[in-house]
Structure formats: structure tokens, C-alpha cells
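Written below as C-alpha cells is the structure these notes are about.
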Protein chains: 2
Amino acid sequence: MIRLLLAEDHHLVRGAFVALLGAEPGIEVVGETGRGDEAVRLARELRPDVAILDIDMPGLDGLEAAERISREAPGCRVVIVTGHGRPGYLRRAMAAGARGFVGKDNPASVLATVIRQVHDGGRYIDPDLAADALTMRECPLTPRELDTLRAAAGGAPVSRIARELHLSEGTVRNYLSSAVTKLEAENRHAAVRRARDMGWL
Amino acid sequence: MIRLLLAEDHHLVRGAFVALLGAEPGIEVVGETGRGDEAVRLARELRPDVAILDIDMPGLDGLEAAERISREAPGCRVVIVTGHGRPGYLRRAMAAGARGFVGKDNPASVLATVIRQVHDGGRYIDPDLAADALTMRECPLTPRELDTLRAAAGGAPVSRIARELHLSEGTVRNYLSSAVTKLEAENRHAAVRRARDMGWL
DNA sequence: CGGCGGATCTGACAAATGTCATGGTCCGCC
DNA sequence: GGCGGACCATGACATTTGTCAGATCCGCCG
């Protein structure tokens, strides 16, 4: 019997997953939560065989949670499930020690298959998302460029960004300009959007 | 037996919903799709008793689809299910003829309840979302302000927006400025974000 | 060592954006 | 008819943002 931990922020969807997986022979949902930090705590306490983590979660996002679970509950294999096929997410998930990565665009039947495969020591990477991630170049932005982009993401004016990062306004403009050029965007806001789509932000 | 149409873009989630609702006595899923336009077509062809529509869908969003289904398949009661509790969405859903509105934060058990309630001629509005929508003021933007905001949402420069809308650049700047003021934002991009959060965009 | 490349920072200048005063049109209302 | 208010539209001016050339520092390789 595979003991499963389920973390997914939308209660309704989580309940549906329980219904789906509860019908699978050999799989037992031993814990569920809608928060990333809760997921880490439950993984430590319940010691499940496999943890299914959504990426969008309050408290701690699924990737962070995956990293901590891999470290603090080593016996627990992690599968990331996500609705957004951001290439950068897959890369980060692998770095965080995840052994499965599945997009929500897949038919429902794959989920149980992946759980069993990962439980048996295998790995599973969504082929479409893997292709995207491998085609895609790595994030070309420097740390400072990422900092400024992140700070600009909320629509903050340069003056505030400069204050937050303890930089001159000219410098902030420079980093943003550089990021815009590298991402082939028309302005900083299009750059933010693009970086976010790539999962870099 | 309640004949149900299910429209939700994430295949995996849709499958889980089928598993959840399939276990419910008296409910039968007669059709499912991941596209809004498909949902309208299926509603016409299959004449289900109730249609569950997610808002985020390709082809046609759930609110548009709700409106068309109410018109083209009058016997079909529409329930909107959404992950984002945008106040404006609820208002638009009501205007589109929806008879149920449920956030994905609800426990799984409510879904079947709502379906039965709506099928029996009742209505169901998520209490939390209703409270938000009633607290919230209506969208204060004029049609032209909304047009320009929408056009600006992708990060397009004023010059392009002006060309698209056949306006002078000064006029476009004026509308955007007005929208920014009304939304108490710092610049157009923060305004876009805010309008989107409200479900106005 | 010396030179090269890349990252970090800055100010000056050019371009885009935000603000304001203004005028026109339409519509409801007294 | 005349008035007030809301919306639409514009150009001029102030502010913010984007671009560029350059300075400094540091690791790396010949």
C-alpha cells in the first residue's frame, strides 16, 4: 500500500483528487493540506511514501516545500503537479529533489501511474514540459537584474525600487534596461511578464 | 438522474471532478471538455440539465460561455466554478444568467449539493465571494478607459495602443491617467494589475 | 603580470509616460 | 430651451523611464 500526502491549495480540487486516488487500488491518502508549510510538517510527522505537491500554495510554494521535504523527510518521494507549464519550474523542481513532474493538462489516469512509478524508485517527467525546458535557454539575467525585475513586478516606480535595493535610480534603470534587452521585450513590464512565463521571476 | 456537462481546462482536474461526481448518486456526467466554445456546442447538442463551467478556458472564457448557453440552450442551468475570487466575476456571472457560483476554496462536498440545488430551480452563491462582491464598489471606469487599459495590459507602448484604438496618443495617455487616478494606482501597470484582481479587465 | 570578459554601479541625455487645462458632444432633467 | 453632468478627445508641459558611454572591481587564462 502506497501512503500518500496530498498538497493542493484549492480545497475543491484537492477533494476531487482524493476521490480520484481513493478509487485506485494500492494507494491510500494519509494526509492532505492546502498549505506548503503544512505539507512539510505533515511529511515529517506522517512519513508518507509519496508527496504530491502543487506549486501555487500559500505559506510556502510547492518548490520550496519539495526542497525541505527532500531534506527533512528523505524517505518521501516528491511529485510536483502544476497548472502552469513554466520551463524554469521544472528545472527548479529537479534541483529541489523532485522525482516526478506532471502538468495538469494530462489525463487523470497518468497521476496514479506516476505515483506508482515514483514509489518504485523511478522518475517521471512530463514529456511536453521536458521538451520545453530543454529547448529553452537558461535564464540569461544576472542576480541584480533579477532583483530589480522582481521589485518592478508590482508596478513600483524606479524611485521606490532604488530605495528598496539601496541603489541609485540610474543603476536601477540600467539593470531594467539590460533585462528588457536580454528578454527582447518592449519595456520593463513586458519583461516582467516574460520572465514570469518562463518561471524565472 | 441529473445530466451534467463539465467544462474545465485542466484535464487532470477535470478527470478528478468526474471521479468525484461519478460517485454521487443521481448525477451522471454526460459530456466534458476543456474549451469554452466546445462547452457551448455540447450544451446545444446534449441538452444537459446542468453545466459546470470553469472561468479560465481557452476558446471562450466561462463567463462568455455561460451567457451563450443561457441563450442557446435555455433548459440548461449554469454553475460557474472558479479559482480566483474576483468580485467582478460574480457580477458578470449573474448578468450572464448563471444560477450557481462556487469558489474552488470550498470543500468538495458542496459541489454535488450545489448541482442538486440548482437543478431543482434554486440558486447558490458562494457566501464569501458574495460578501466581497457586495462590499466592493462597481467598476468606476468608463468604456474607453477599459479599452485603453485592456490594450495596455500586454505592456504595449502608448503609440501602439493609439493606433489600435484610432486615437491620438494624448487621448490614450489621458484615459490611462484617468484610470490610474480612479484605481488609486501609481502607474498604468499597477492599474492593470488592480483592475485584473477586481475582475474588471 | 597583463589583458580579457563579465558583473556591478553611475550620471547625462533622449524618449516615453503622466498630468493638466480645455473644448466638444450627447443625454437627462427642470 | 437651457443647464449640468458624464463621456470623449486633444495638445502642451512636467515627470518618469529607457539608452548610452564609461568607471570600477574581480576572476580567469595565457
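As the structure is a prediction and not an experimental result, all values here were calculated from the model. Numbered from 1 within each chain, the chains take letters A, B, ... in sequence-line order.
- Formation of a donor-acceptor pair under 3.5 Å by the A:Gln117 side chain with backbone atoms of A:Arg123 is found in this model.
- Surrounding CD of A:Glu138 are at most 12 heavy atoms belonging to other residues, nucleotides or ligands under 6.0 Å away.
- Not one N or O on the side chain of A:Arg116 forms a donor-acceptor pair closer than 3.5 Å with the backbone of A:Gly26.
- Listed in residue order, the members of residues 139-146 of chain A having a heavy atom less than 4.0 Å from DNA chain D come to none.
- Considering all non-hydrogen atoms of both residues, B:Gly31 and B:Leu46 come closest at CA-CD1, 4.0 Å.
- Between the A:Arg77 side chain and the A:Val118 main chain, a donor and an acceptor come within less than 3.5 Å of each other.
- Along DNA chain D, read 5' to 3', the first and last nucleotides having any atom under 4.0 Å from a heavy atom of chain A are D:dT17 to D:dA21.
- Bracketed by its first and final contacts, the part of DNA chain C lying under 4.0 Å from non-hydrogen atoms of chain B reaches from C:dT17 to C:dA21 in 5' to 3' order.
- Heavy-atom distances under 4.0 Å link DNA chain D to B:Leu167, B:Ser168, B:Gly170, B:Thr171, B:Asn174, B:Tyr175 of residues 162-181 of chain B, given in residue order.
- Taking all atoms of both residues into account, the shortest heavy-atom contact from A:Ala153 to A:Leu201 is CB-CD1, 4.3 Å.
- Across every non-hydrogen atom of A:Ile80 and A:Gly62, the tightest pair is CD1-O, 3.8 Å.
- Annotation: proximity of residues 185-198 of chain A to DNA chain D (heavy atom, distance under 4.0 Å) is found for A:Asn187, A:Arg188, numbered in ascending order.
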Margin query: For a salt bridge (Lys or Arg N to Asp or Glu O under 4.0 Å) check, start with the C-alpha distance between B:Asp147 and B:Arg150, then their side-chain angles and the critical distance, and finish with the verdict.
Written below: CA-CA 5 Å; B:Asp147 288 343; B:Arg150 237 188 302 273; 3.7 Å; yes
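- With hydrogens and angles disregarded, a donor-acceptor distance shorter than 3.5 Å links the side chain of A:Asp49 to the backbone of A:Arg3.
- In this structure, the side chain of B:Arg91 engages the main chain of B:Ala133 through a donor-acceptor pair within 3.5 Å.
- Within the structure, the salt bridge (charged side-chain N to carboxylate O under 4.0 Å, His left out) test picks out the following pairs touching residues 52-64 of chain A (sequence neighbours left out): A:Asp54-A:Lys104.
- The main-chain N or O of A:Leu176 is never found under 3.5 Å from a side-chain atom of A:Arg188 such that the two would form a donor-acceptor pair.
- The backbone N or O of A:Gly155 sits less than 3.5 Å from a side-chain atom of B:Asn187, completing a donor-acceptor pair.
- The backbone N or O of B:Asn174 lies less than 3.5 Å from no partner atom in the side chain of B:Ser178, so there is not a single donor-acceptor pair.
- Within the 3.5 Å criterion, the main-chain N or O of B:Ala96 finds a donor-acceptor partner in the side chain of B:Ser70.
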